[in-house]
Amino acid sequence: MVEKHDLIHELPEFREQIHQMKMDNAHFAKLFDEYHQHDHEVRRIENGVEVSSDEYIENLKKQRLSLKDQLFAMLKSDEASV
């Protein structure tokens, strides 16, 4: 089984803040949705449900990591402003 990388598992200490920011910040919500779309596709490929090239999945993982970094920065920025 493939390890989960959804944002709540990756950043459990931000669970409530993630929920609040999804409701209050449209840009955060958009990036959150993109992150989860990428994560879902990576898991489907790694579980053998979909087939892709190694290059495609590596690029998808890099995009997912970039989105996670952006979301984390937004969470930290929001946390600092409280």
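- Val42 and Ile57 get closest at one heavy-atom pair: O-CD1, 4.2 Å.
- Between His27 and Leu31 there is a side-chain heavy-atom pair separated by less than 4.5 Å.
- By the rule that hydrophobic residues join a cluster once side-chain heavy atoms approach within less than 4.5 Å of another member, Leu65 and Leu7 end up as members of separate clusters.
- Minimum heavy-atom separation, Lys76 to Phe14: CD-CZ, 3.7 Å.
- Considering CD of Glu10 and CG of Asp39, their distance stands at 8.0 Å, rounded to 0.5 Å.
- By the ring pair (Phe, Tyr, Trp, His ring centres under 6.0 Å) test, His36 pairs with Phe32, sequence neighbours left out.
- Salt-bridge check for Glu58 with Lys62: failed, with every basic side-chain N at 4.0 Å or more from each acidic carboxylate O.
- Distance check: Lys61 NZ to Ser66 OG gives 16.0 Å after rounding to the nearest 0.5 Å.
- Considering only heavy atoms from C-beta on, Val49 stays 4.5 Å or farther from Arg43 through its side chain.
- For Leu75 against Gln17, the heavy-atom pair with the smallest separation is O-NE2, 2.7 Å.
- To the nearest 0.5 angstrom, Ile18 atom CD1 is 10.5 Å from Glu16 atom CD.
- Interatomic distance, Ser53 OG to Asn59 CG, rounded to the nearest 0.5 Å: 8.0 Å.
- Between Leu67 and Gln70, the closest side-chain pair of non-hydrogen atoms falls below 4.5 Å.
- Side-chain atoms of Glu41 and His38, non-hydrogen and from C-beta on, never get closer than 4.5 Å to each other.
- Arg44 meets the salt bridge (Lys or Arg N to Asp or Glu O under 4.0 Å) test with Glu50; sequence neighbours excluded.
- Put simply, CD on Glu34 and CZ on Arg64 are 14.5 Å apart, with the number rounded to the nearest 0.5 Å.
- The distance from atom CG of Asp78 to atom CG of Asn25, rounded to the nearest 0.5 Å, is 8.0 Å.
- For Asp54, the CG atom counts as loosely surrounded, since its 6.0 Å shell holds 12 or fewer non-hydrogen atoms of other residues, nucleotides or ligands.
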